[in-house]
**Student:** 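This structure is in structure tokens; I'll ask about it shortly.
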Amino acid sequence: MLNRPLYYEKMRPFINKPFIKVITGIRRCGKSTMMLMIQQLLKEEGVAGKQIISINFESMKYYDLRTSLALYTYVSGLLKTMESPAYVFFDEIQIVEKWEEAVNSLFLDFQIDMYITISNSQLLSSELSTLLTGRFIHIEMQVLSFTEMLGFRSDQQEAQENLLWLYIRRGGFPVVHLTDDYDEKATYMIIHDIFDSIVLRDVVQRYKIRDVELLRRILNFIADSVGSTISAKRIADYFTPVDPGTIYTYLDALESSYLITAVHRYDIKQKRVLKTQAKYYLADSGLQHAVFGYRDRHISGILENIVYRELVRRGYKVYIGKTDTQEVDFIAEQAPKKLYVQVAFKLESEETVQREFSPLLSIRDSYPKFVVTMDPHFEDTIEGIRHIGLYQFLTDYRLF
């Protein structure tokens with residue numbers, strides 16, 4: 001197990017506090033490993049193994065506990081014989097029927113420190129929050145950031161540019177960076193298996209999707225359109241004849257599984273979020289490669305995807321910026337901070353420089369503005385707008 005300090009530091013203040021710790025995120029992003037790491041740290045701090053109950057509901061070992069009553073009966077029986085405080089870890093709890101009732105009752109009836117993982121965001125916003133308002137804290141995990149990937153890999157002597165391209169071409173699922181043995185083909189096979197598992201288990205089964213082929217076509221359309229504004233109507237028109245309502249339903253299901261995220265547009269002049277059109281970004285750029293293979297023509301969207309995920313990882317609420325006639329790739333807000341980010345592959349001509357800097361130059365406030373590209377040595381600043389390389393953007397936490 002390799003440390004994920006970003007998430008552990010978010011979790012640390014709530015260990016041994018009366019809150020249920022809820023870890024969410026796409027499958028295989030590291031939630032289960034985070035749970036094991038917390039258990040290991042507890043033991044290092046003197047907690048006895050017999051004070052810890054850990055159940056992974058994906059294991060057939062616990063098949064008989066997949067109802068709320070069976071789970072409550074089993075765990076409460078163990079807790080009655082244990083010393084306090086007891087520590088309870090439920091991995092992939094959404095597999096349990098009416099799981100929220102068991103979680104709520106155990107938390108109320110016993111002195112326990114509880115941790116659960118969920119691979120569906122809709123569960124968090126509905127069942128759990130209804131019963132446990134004010135009694136849980138939520139930490140959303142992502143796949144590896146670029147800096148985390150560097151910590152996972154043994155080839156640290158590789159050139160910075162080579163490692164960055166490795167991240168661009170393979171993404172950040174931890175499993176593909178735990179060993180140097182996988183080539184690109186093997187990497188995409190692994191990610192494609194993860195992709196299929198999420199589609200079939202977290203989307204099709206949970207939401208009882210009837211037209212699995214349409215679901216896959218919609219997801220492929222989004223993966224092929226990363227970095228472009230799209231709407232449910234546009235997708236419906238593309239797959240004519242399809243009801244836009246069906247498209248909305250399928251998009252919601254894909255978002256709930258953390259496969260995709262909709263980022264809405266924000267009118268900078270009128271200071272309001274726009275309801276029409278959005279950009280969709282993938283949980284990891286490796287998912288796009290698993291579907292299509294790596295394609296050079298996707299590079300702009302891939303870079304946008306990576307920058308968006310980094311901004312979210314650092315705690316920013318992110319929008320697509322709209323001026324009168326131009327678009328800013330990202331407006332990122334984290335009160336009282338705000339920044340604007342434009343993303344491009346390379347600034348290879350004066351025309352490209354003008355195109356990328358112009359939207360930012362039209363914004364007349366004093367918040368930081370960046371143009372992020374793959375040019376590692378181009379460091380011009382134009383009227384306060386900084387141009388920086390993607391490597392620096394992903395690794396220099398002093399920037400913002």
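Please read these numbers as outputs of a predicted model, since none were measured by experiment. Residue numbers run from 1 in the order of the sequence given.
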**Student:** Charged N to carboxylate O under 4.0 angstrom, Arg216 versus Asp196?
**Tutor:** yes
**Student:** Does a donor on one side chain and an acceptor on the other come within less than 3.5 Å for Asp64 and Tyr74?
**Tutor:**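 Per modelled atom types, Asp64 and Tyr74 side chains form no pair under 3.5 Å.
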**Student:** Given the ring of Tyr294, does Arg169 sit roughly above its face, with NZ or CZ under 6.0 Å from the centre of the six-membered ring and within 45° of the axis?
**Tutor:** yes
**Student:** Measure the acute angle between the ring planes of Tyr391 and Phe146, then classify it against the limits of 30° and 60° as parallel, tilted or perpendicular.
**Tutor:**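 It falls in the perpendicular class, over 60°.
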**Student:** Determine the interplanar angle of the Phe110 and Tyr72 rings, folded into 0 to 90°, and report it as parallel if under 30°, tilted if 30 to 60°, perpendicular if over 60°.
**Tutor:** tilted
**Student:** Parallel, tilted or perpendicular: which describes the rings of Phe292 and His298, with under 30° parallel and over 60° perpendicular?
**Tutor:**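 It falls in the tilted class, 30° to 60°.
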**Student:** With a sphere of 6.0 Å drawn around CZ of Arg170, does it hold more than 12 non-hydrogen atoms of other residues, nucleotides or ligands?
**Tutor:**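 For Arg170, atom CZ is crowded (more than 12 foreign heavy atoms under 6.0 Å).
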**Student:** Should the pair Phe221 and Phe239 be assigned to parallel (<30°), tilted (30 to 60°) or perpendicular (>60°) ring geometry?
**Tutor:**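 Taking Phe239 first and then Phe221, their aromatic rings stand perpendicular (interplane angle over 60°).
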**Student:** Is the closest basic N to carboxylate O distance between Asp91 and Lys31 below 4.0 Å?
**Tutor:** no
**Student:** Is Arg272 positioned over the aromatic face of Tyr266, cation under 6.0 angstrom from the ring centre and no more than 45 degrees off axis?
**Tutor:** no
**Student:** Once salt bridge (charged side-chain N to carboxylate O under 4.0 Å, His left out) is applied, do any residues pair with Arg234, and if so which ones, sequence neighbours excluded?
**Tutor:** none
**Student:** Go through the steps to decide whether Asn305 and Ser285 satisfy the test side-chain hydrogen bond (donor to acceptor under 3.5 Å, both in side chains), and finish with yes or no.
**Tutor:** CA-CA 7 Å; Asn305 209 114; Ser285 55; 5.8 Å; no
**Student:** Decide salt bridge (Lys or Arg N to Asp or Glu O under 4.0 Å) for Glu92 and Arg201; before the verdict, give the C-alpha distance in whole Å, the side-chain angles of both, and the deciding distance to 0.1 Å.
**Tutor:** CA-CA 12 Å; Glu92 300 295 352; Arg201 296 171 65 179; over 6 Å; no
**Student:** May I ask you to check whether over 12 heavy atoms, not counting those of Lys17, lie within 6.0 Å of atom NZ?
**Tutor:**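 Enclosed: over 12 neighbouring heavy atoms sit under 6.0 Å from NZ of Lys17.
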**Student:** Taking NZ, NE, NH1 and NH2 as the nitrogens, is one of them in Lys233 or Asp237 under 4.0 Å from a carboxylate oxygen of the other?
**Tutor:** yes
**Student:** Evaluate the ring planes of Phe89 and Tyr115, with Trp represented by its six-membered ring, and classify them as parallel (under 30°), tilted (30 to 60°) or perpendicular (over 60°).
**Tutor:**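 Ring orientation, 0 to 90° scale: parallel.
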**Student:** Connecting only ILVMFWY residues whose side-chain heavy atoms lie within less than 4.5 Å of each other, what is the rest of Met60's hydrophobic cluster?
**Tutor:**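 Cluster partners of Met60: Tyr63.
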**Student:** Sequence neighbours excluded, which residues qualify as salt bridge (charged side-chain N to carboxylate O under 4.0 Å, His left out) partners of Lys21?
**Tutor:** Asp113
**Student:** Checking Lys279 against Tyr281: charged group under 6.0 Å from the ring centre and within 45 degrees of the axis?
**Tutor:** no
**Student:** Quick one: which of Glu356, Glu351, Glu350 gives a side chain to side chain donor-acceptor pair (under 3.5 Å) with Gln354?
**Tutor:** Glu350
